[in-house]
Amino acid sequence: MDRLNRMPIIAGNWKMNMKREQAAELAKALRELMGDTTACEVVACVPFTDLDCVAAEIKGSNIALGAQNCHWAESGAFTGEIAASMLAEIGVKYVIIGHSERRQYFGETDETVNARVKAALAAGLKVIICVGETLEEREEDLTYEVVGRQLAEALDQIEDDQMANIVIAYEPVWAIGTGKTATAEQAEDVCAFIRGVVAGLYYVELAAALRIQYGGSMNAKNAAELLSQPDIDGGLIGGASLKAPDFNEIVKAASAD
Ligand code: 13P
């Protein structure tokens, strides 16, 4: 499948880190380091409470604003939740849905992932859908089954023309925050599998245009090798996104690809 038409995408997932002052400083540093990078799409997915101050720092730059979750309803009695349209109205462009930490700690299911994806798309957001197996699932040879199911459920009733606003992040749970990166071969294997599943759910040309990220202990040192794989079009970066020089190195590696 033709890689040339896929713009690499590097997204930082700041998770529950960075109070406002730190967040503004990090965003400013990223902007200064990155200049006018255009060979790679860059997204900062920040805590809800940092969205406005990060938006102010990155305004007019090539860094897009992202959030880490949204609710599936448009409004209503959902104490503590944030609707997709609320994110859109303050300039959020991307939202991460179905991160393994939400599946693990907050009861996220394939069904709620699908509901959130639909709501985010309806609000005009682009969505980074996370999929990935646990260590036990990998050891029991269930990786393809689990990832295939997560994908099919997340994309249930998502129309062909909406797929241009979707990015898939393959994040093996055992590689997240552990320092254990999947080898480039392991990551490529599953990313190629994901492209194949999407080709089956939709059609080959659509799958060829889909951007697939790898996430899980990606850093300034291992990024180039991972990003050189034919089916890996970017990264979803946790820890290393909190250090501007490291994140910038990853963006450079993706831009050089
Ligand atoms: P780490 O890069 O810290 O392993 O986190 C990956 C991740 O979960 C990004 O969403």
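Just follow the structure's listing: the first ligand is 1, and inside any ligand the first atom is 1.
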When I176, L242, I96 are each screened for side chain to side chain contact (heavy atoms under 4.5 Å, CB included) with N13, the one that passes is I96

Between R138 and E133, is there a salt bridge with N-O shorter than 4.0 Å? yes

Polar pairs, ligand 1 vs protein, N/O only, below 3.5 Å.
residue	atom	partner	partner atom	Å
ligand 1	2 (O)	S217	N	3.4
ligand 1	2 (O)	G238	N	2.9
ligand 1	3 (O)	G239	N	2.8
ligand 1	4 (O)	G177	N	2.7
ligand 1	4 (O)	S217	N	2.7
ligand 1	5 (O)	K15	NZ	3.3
ligand 1	8 (O)	K15	NZ	2.8
ligand 1	8 (O)	H99	NE2	2.8
ligand 1	8 (O)	E171	OE1	3.4
ligand 1	10 (O)	N13	ND2	3.0
ligand 1	10 (O)	H99	NE2	2.9
ligand 1	10 (O)	E171	OE1	3.2
ligand 1	10 (O)	E171	OE2	2.9

Can you tell whether the side chains of E249 and K221 come within less than 4.0 Å, N to carboxylate O?
no

Q | Test: D50 and R20 ion pair at under 4.0 Å | A | no

If we only count heavy atoms from C-beta on, is the F193 to T143 side-chain gap below 4.5 Å?
no

Test side chain to side chain contact (heavy atoms under 4.5 Å, CB included), reference I166, set I128, L121, V198, I97, output is L121

